[in-house]
Structure formats: C-alpha cells, structure tokens
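Data first, discussion second: the structure below is written as structure tokens.
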Protein chains: 2
Amino acid sequence: MKENTGKSKYVMLGMLALTPQTGYTIKKWLENEYSHFWQESYGQIYPTLKKLVEEGLAVSSHNSEHGNGRGQIIYTITEPGKKELSDWLSKAPEIEKFRYEILLKISFGDNTTKEVLLGHLDEFMKRNEKLLEDMNGYMEEMEGEKGQNFDCTYSKLTALCGIHLYSAMKAWAIEAKGIISAKGEKNHETKNT
Amino acid sequence: MKENTGKSKYVMLGMLALTPQTGYTIKKWLENEYSHFWQESYGQIYPTLKKLVEEGLAVSSHNSEHGNGRGQIIYTITEPGKKELSDWLSKAPEIEKFRYEILLKISFGDNTTKEVLLGHLDEFMKRNEKLLEDMNGYMEEMEGEKGQNFDCTYSKLTALCGIHLYSAMKAWAIEAKGIISAKGEKNHETKNT
DNA sequence: GAAAGCATGTAAAGTGTTACATGATTGG
DNA sequence: CCAATCATGTAACACTTTACATGCTTTC
C-alpha cells in the first residue's frame with residue numbers, strides 16, 4: 001500500500017545504469033538531453049536516490065576529497081537495481097495525458113478576439129519552429145559522433161520523435177492561423193468604396 | 001500569496017461560458033470533447049466551482065425539483081467571470097511539458113531487448129492509429145453539422161491538432177520500429193544455410 | 001572580491017487523482 | 001430487483017515544484 005516515488009525511481013535507475021554519478025550530474029544530464037520529453041527537480045532527485053539505497057537498488061559512496069563544495073555522493077546501481085529497471089522497461093508504458101493550454105484557449109475562442117488567438121498561434125508556431133531547428137542540429141551532431149565512437153541509436157530515436165512532433169505542431173499552427181484569419185470573410189462581398 | 005486552483009478555474013469558466021450547467025455535465029463534456037488535450041476530475045471540479053461562487057465569478061442555483069438524485073446545482077457565469085475568462089485568454093499560454101514514458105523507455109533501451117521495445121512501439125503505433133481514425137470520424141461529423149447550424153471552427157481546430165499529432169506519432173513509431181529492427185544486422189552478411 | 005558553478009538537501013505549498021460515501025431515478 | 005446513470009461531495013494520498021539554506025571552488 002506504500003509503493004511511492006512513481007516514475008522518478010526508474011529515471012534514476014536508468015541514469016545510474018548509464019554510469020555511476022551524483023544527483024547533481026543526473027539533473028544536468030536530464031536538463032540537457034531529456035528535457036524535451038522528461039523533467040525532474042532536485043526535490044524529487046535527492047529523496048529518490050536515498051530511497052534507492054534503502055531498497056538496495058543502488059549504493060552510495062561519499063567522496064569528500066574531490067574538489068569543490070561540501071563533497072559529493074556518488075550513486076552506483078546494484079544488480080537488484082538493474083533487475084528492477086529491466087522489469088519496469090518490459091511493462092507497457094502508461095498512456096500519456098496531454099494538457100495543451102493553447103488548445104484550451106482556442107476552444108474558448110468565442111470569448112476573445114481573433115487577434116488574441118492569432119497571436120498565441122504565432123508564438124506557438126515560432127516556438128515549435130525553433131525547437132525543430134534545435135532538434136535537427138542535435139540530430140546532425142549525433143550523426144557525426146556516431147560515425148566515430150558510440151551507438152546512439154536510441155538517443156536518435158527520441159530526437160526523431162521530437163522532430164516529428166515539432167514539425168506537426170508547426171504545420172498545424174500555420175494551418176490554424178489560416179483558418180482563423182479567413183473566418184471573418186463570410187458570404188458577403190460588400191465593398192464601401 | 002494564495003492564488004490557487006491553477007488552470008481548473010479557467011476551464012470551469014470556459015465551460016460555464018458555453019452554457020449554465022452542473023459540475024456533472026461539465027465532467028461529461030470534458031470527457032467527450034476535451035479529453036484528448038485536457039482532463040479534470042471531480043476532486044477538482046466541485047471545489048473549484050464553489051470557489052468561483054465565493055469569488056463572484058459565478059452564481060449557483062439549487063434545483064431540488066428536477067427529477068433524479070439529490071438535486072442539482074446549476075452554475076451560471078457572471079460578468080466578472082466573463083472578464084476573468086477573457087483576461088486569461090489574452091495571456092500567453094504556458095509552455096507545455098511533455099512526459100512521454102515511451103521515450104524514457106526507449107532512451108534506456110540498452111537495458112532491455114529489442115523485442116520489448118518493438119512491442120511498446122507497436123502498441124503505441126496502434127493506439128495512435130486508432131486515435132487518428134476516431135478523430136477523423138469526429139471531424140467528419142462536425143463537417144456535416146456545420147453545414148447546418150453551428151459554427152464549430154474552434155472545435156475543428158483542436159481536432160485538427162489531434163490529427164496532426166496522431167499522424168506524426170504514428171509515422172514516428174513506424175520509422176522507429178524499422179530502425180530498431182535493422183539494428184541487429186551490422187556489417188556482417190553471414191548466412192548459415 | 002563578486003559572481004557563477006558545484007553540490008547537497010528539505011519544508012511547504014501547490015496540483016491532481018483515487019476511493020469512498022450518499023441516495024434517487026430510470027431501464028431492463 | 002439490479003445495474004446504470006444522475007448527481008454531489010470530501011479525505012487521503014500521490015506527485016511535483018519552489019523557495020530556501022548551506023558552503024566550497026573556480027572564473028572574471
């Protein structure tokens with residue numbers, strides 16, 4: 001009845017499966033490579049890492065001699081931790097729930113002006129355009145690196161998902177702007193010259 | 001310092017702007033027409049409606065003579081409520097945070113088998129295919145209705161967003177399956193016939 | 001010498017879902 | 001008569017972010 005910590009637990013395990021590291025580096029890693037589809041705050045990271053140790057899924061080693069700050073705590077995944085991770089990976093992912101505030105605002109469009117909606121859509125379009133460019137750049141980076149050393153097939157797949165998503169959202173925003181813009185001109189062609 | 005109730009407040013206002021109604025009918029409405037991009041539970045709906053009345057953004061009328069159950073409470077939006085709604089509509093929508101569990105699982109793909117990932121992707125693809133079909137059906141429905149009575153431009157725009165999204169996710173899943181399937185066959189063409 | 005970064009952590013508040021309790025009416 | 005639907009509501013729990021506190025090292 002007390003199973004707790006939700007997905008964060010598995011995210012930590014996945015991060016530690018990559019390499020033994022600290023809560024701080026996990027946060028940086030998430031911010032840089034995962035932020036487009038996942039995010040965790042320190043408020044979740046540190047308590048979750050502690051629980052991992054309590055449950056025997058990771059071990060911690062305190063390193064006070066290393067250089068900066070108050071010393072770091074390096075977490076390493078254990079065999080039971082690897083088992084827990086791979087068990088979770090086998091289970092069907094939960095169905096994602098979307099919460100698009102922009103769609104909400106468009107739904108309620110009758111309570112505002114066309115101009116307001118067009119403004120939101122324009123920002124949305126530009127944001128997705130930018131994300132698309134960034135993601136394409138990131139993809140090229142990986143394509144370069146890949147020829148050399150690492151197999152980043154899985155990272156490329158998540159980036160590819162971003163590319164599909166951002167392209168779709170950009171295309172939709174452009175289409176939506178067109179439809180809303182055209183909405184004023186009905187069946188009357190009255191001209192008062 | 002105590003501003004509370006987040007987006008739910010505005011969702012309720014938007015629903016009441018449509019027509020005066022009960023918490024129950026708001027829930028049904030959300031489930032049927034908005035669930036692909038927004039969801040609220042009774043645990044949010046009822047307390048939020050009460051707060052709306054406290055703040056003067058809606059008024060409630062208790063109807064005990066109407067038929068079933070313990071009677072219903074019909075909420076009606078007020079002028080200040082309409083103002084609050086349209087003010088919120090003008091503000092830039094918050095940037096959406098995605099949490100795609102399937103991308104997380106793919107990222108951690110090295111800790112499981114190709115088969116597991118292909119299975120997840122296949123389910124994801126089918127689910128999005130289904131959603132796409134449903135949304136296309138819904139769109140056609142509206143196209144029929146529209147010729148007759150109501151202007152459902154905004155509902156059609158949100159449905160269109162769904163169509164773009166689901167198509168993109170379906171396409172990605174198919175592509176990703178191909179890439180993962182091909183991953184085993186490297187540079188060796190060994191055949192043991 | 002100040003700012004930024006490294007590094008840890010927690011308390012409080014905010015946000016959201018689930019499970020339960022209640023009870024009448026309608027349809028099979 | 002039983003199940004479903006209409007209809008309200010809350011307490012407990014689960015999840016997540018924000019703001020704060022601490023303090024060393026490195027860079028400008």
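The chains referred to below are lettered A, B, ... by the order of the sequence lines, with proteins before strands, and numbering in each begins at 1.
- Judged as a salt bridge (Lys or Arg N to Asp or Glu O under 4.0 Å), and not counting sequence neighbours, E54(A) has no contacts.
- E31(B) has its CD atom 12 Å from the C1' atom of dT5(D), to the nearest Å.
- Distances shown here put every side-chain N or O of K7(A) at or beyond 4.0 Å from the OP1 or OP2 atom of dT16(D).
- Within 4.0 Å (heavy atoms only), K28(A) reaches no atom of the nucleic acid at all.
- Per the geometry, CG belonging to L49(B) stands 12 Å off P belonging to dT10(D), to the nearest Å.
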Please list, pair by pair, any protein nitrogen or oxygen found under 3.5 Å from a nitrogen or oxygen in nucleotides 17-20 of chain C.
{"unit_1": "dT17(C)", "atom_1": "OP2", "unit_2": "Q44(B)", "atom_2": "OE1", "d": "2.6"}

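- Fit an axis to the five pairs at each end of the helix from dG1(C)-dC28(D) to dG28(C)-dC1(D) and the two axes sit 30° apart, to the nearest 10 degrees.
- Residues satisfying the side-chain contact (heavy atoms from CB on, under 4.5 Å) criterion with T22(B), sequence neighbours excluded, are Y24(B), T25(B), Q72(B), I74(B).
- Side chain of K50(B), nearest nucleotide from dT10(D), dT8(D), dT8(C): dT10(D).
- If you take CD of E94(A) and C1' of dC15(D), they are 12 Å apart, rounded to a whole angstrom.
- Q39(A) meets the side-chain contact (heavy atoms from CB on, under 4.5 Å) test with K97(B), R99(B); sequence neighbours excluded.
- Rounded to a whole Å, the NZ atom of K51(A) is 12 Å from the C1' atom of dT16(D).
- Here the C1' atom of nucleotide dT15(C) and the CH2 atom of W38(B) are 11 Å apart, to the nearest Å.
- For E96(B), the side chain to side chain donor-acceptor pair (under 3.5 Å) partners at least two apart in sequence or on another chain are R127(A).
- Note: Y42(B) and Y46(B) have parallel aromatic rings, judged against thresholds of 30 and 60 degrees for the angle between ring planes.
- Distances from the side chain of Y75(B) to the nucleotides dG9(D), dG16(C), dT8(C) place dG9(D) closest.
- One can place NZ of K9(A) at 13 Å from P of dA14(D), the figure rounded to the nearest angstrom.
- Partners of K91(B) according to the side chain to side chain donor-acceptor pair (under 3.5 Å) rule, which considers only residues two or more places apart in sequence or in another chain, do not exist here.
- Using a 3.5 Å distance cut-off with no hydrogens or angles, the side chains of W29(A) and E31(A) do not pair a donor with an acceptor.
- Classified by interplanar angle (parallel below 30°, tilted 30° to 60°, perpendicular above 60°), the ring pair Y34(A)/F108(B) is tilted.
- Among residues two or more places apart in sequence or in another chain, the salt bridge (Lys or Arg N to Asp or Glu O under 4.0 Å) test is passed with E129(A) by K170(A).
- Evaluation of the side chain to side chain donor-acceptor pair (under 3.5 Å) rule for E33(B) yields Y138(B) as partners, not counting sequence neighbours.
- Residue pairs that meet the side chain to side chain donor-acceptor pair (under 3.5 Å) test with at least one member in residues 106-117 of chain A, sequence neighbours left out, do not exist here.
- Applying the side chain to side chain donor-acceptor pair (under 3.5 Å) test to K50(A) and every residue at least two apart in sequence or in another chain returns nothing.
- Distance I45(B) CD1 to dC6(D) C1': 14 Å, rounded to the nearest Å.
- Taking only side-chain atoms of I73(B), from C-beta outward, the nucleotide of dT16(D), dG9(D), dA7(C) with the closest atom is dG9(D).
- Contact check of residues 12-27 of chain B against DNA chain D (heavy atom, cut-off under 4.0 Å) returns T22(B), G23(B), Y24(B).
- Q72(A) has its CD atom 6 Å from the P atom of dT8(C), to the nearest Å.
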